[in-house]
Number of protein chains: 2
Amino acid sequence: MTDLADLRLTPQRMAVLEVLRAADDHPTAAEVYERVRRTSPRIGSATVYRTLSLLVSTGRALELNLGDGAAARYDANTCRHDHAVCDGCGRAVDLDHPVPDGMMAEIARRSGFAITGYDLQFRGMCPDCQANSSDPARAAGGTGPTVNTHAKGALHAEA
Amino acid sequence: MTDLADLRLTPQRMAVLEVLRAADDHPTAAEVYERVRRTSPRIGSATVYRTLSLLVSTGRALELNLGDGAAARYDANTCRHDHAVCDGCGRAVDLDHPVPDGMMAEIARRSGFAITGYDLQFRGMCPDCQANSSDPARAAGGTGPTVNTHAKGALHAEA
DNA sequence: AGTGATACTGAGATTCGTTCTCAACCAGTG
DNA sequence: CACTGGTTGAGAACGAATCTCAGTATCACT
């Protein structure tokens with residue numbers, strides 16, 4: 001872990017951290033930049049990028065790769081958690097449901113890797129998008145799990 | 001399943017699919033391009049990109065986002081599987097160890113999402129990199145499991 | 001305060017992966 | 001044969017992220 005000692009808490013860095021802490025979505029670097037500029041209009045994008053990776057490397061933020069092919073996202077919630085990403089609107093919600101330790105150990109044993117962590121994202125439709133896309137009647141109820149194993153290409157092999 | 005009907009099997013597309021099937025690593029689009037050019041020197045990169053996303057959208061290939069911030073990777077192994085990514089050398093090995101159904105259902109129930117799939121990557125150090133980075137003595141002896149150390153290996157089926 | 005070393009900043013250029021544009025090209029159909 | 005519509009390849013364009021570099025702020029010491 002990069003020494004915390006040589007990390008100066010400059011106004012720019014504070015501003016970035018503030019924005020990240022205030023965000024409850026998972027903003028991209030560009031979004032962070034845009035928000036930071038509202039309070040620190042003179043900040044440059046390079047500084048935002050630098051600061052974000054600094055925060056990540058010192059454990060003050062998490063970098064998410066939601067695999068939507070687009071930009072990296074950042075999360076000030078540094079506790080171990082996973083995400084469910086909506087195929088409809090792209091929104092990501094936090095999940096608190098760790099992979100069982102036994103599974104990690106098993107993976108480590110089988111692969112020989114020294115496992116240090118994992119990234120897990122579920123994909124699917126958020127309640128809102130289910131409501132909008134499929135028949136709106138059923139959506140309102142919304143409680144149904146509907147573990148729909150069969151949407152586009154996600155999980156089938158075609159031999 | 002996106003219609004297979006309207007997918008013309010042109011020589012270029014065949015070449016890309018061939019390369020992907022022959023690969024046991026997880027090549028990036030650029031790597032696929034490079035390999036395809038060995039047999040089809042006149043192919044353009046746009047065609048390779050187009051073909052890859054075509055293959056992905058018709059379920060013939062998987063697109064991986066190994067979160068190393070870099071390019072997307074492609075995998076002709078379309079069976080549901082996960083990966084362990086080495087922080088040292090960036091190599092990714094296949095894992096065959098699905099998340100328990102109960103967990104998916106639980107996530108779906110809690111979040112209200114209609115879960116269609118998930119992406120799971122473990123991070124850590126592969127046996128080789130463990131050997132090289134920590135004391136080299138231990139490396140040779142291979143105290144650990146030392147599964148299939150050779151690069152690019154898929155290590156399903158250890159059991 | 002003064003001085004030098006060092007870290008930080010911001011603007012712009014640069015790189016890289018990917019997608020878009022568009023003219024030329026083929027493969028079928030009438 | 002001409003038409004039609006999907007396909008190709010070259011290069012331009014794009015967005016994300018990083019790099020470069022001169023200027024600036026901050027620290028450690030005197």
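Below, chains carry the letters A, B, ... as their sequence lines are ordered, and counting in each starts from 1.
By the ring-ring contact (aromatic ring centres under 6.0 Å, His included) test, A/H81 is found to be paired with A/H83, residues two or more places apart in sequence or in another chain being considered. Every residue was checked against the salt bridge (Lys or Arg N to Asp or Glu O under 4.0 Å) condition with A/R42, not counting sequence neighbours, and none meets it.
One atom, CD1 of A/I43, and another, P of C/dC8, lie 14 Å apart when rounded to the nearest Å. Note: CE (A/M14) to P (C/dC8) measures 15 Å, nearest angstrom. Taking atom CG on B/L9 and atom P on D/dG6, their separation rounds to 17 Å, with Å as the unit. For the pair A/L17 CG and C/dC8 C1', the interatomic distance rounds to 17 Å; values are reported in whole Å. If you measure from atom CZ of A/R42 to atom P of D/dG23, you get 15 Å, rounded to the nearest angstrom. For the pair A/R8 CZ and C/dC8 P, the interatomic distance rounds to 5 Å; values are reported in whole Å. Rounding to whole angstrom units, OH of residue B/Y33 and C1' of C/dG17 are separated by 14 Å. Regarding A/R13, its CZ atom lies at a distance of 14 Å from the C1' atom of D/dT24, rounded to whole Å.
Remark: A/Q12 is not in phosphate contact with D/dA25, judged by side-chain N or O atoms under 4.0 Å from OP1 or OP2.
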Provide a list of protein-nucleic acid N or O atom pairs under 3.5 angstrom, restricted to nucleotides 15-21 of chain D.
residue, atom, partner, partner atom, Å
D/dA17, OP1, A/A72, N, 3.0
D/dA17, OP2, A/Y49, OH, 3.1

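Classification of B/R73 and B/D25 as a salt-bridged pair fails, no side-chain N sitting under 4.0 Å from a carboxylate O. In summary, A/R80 and A/D101 do not engage in a salt bridge, as defined by a charged side-chain N under 4.0 Å from a carboxylate O. The pair A/R123-B/D119 meets the salt-bridge criterion, since a charged nitrogen lies less than 4.0 angstrom from a carboxylate oxygen.
Looking at heavy-atom distances under 4.0 Å, B/T10 makes contact with sugar-phosphate atoms alone, never a base.
Between the side chains of A/R8 and A/T10, no donor-acceptor pair of N or O atoms lies under 3.5 Å.
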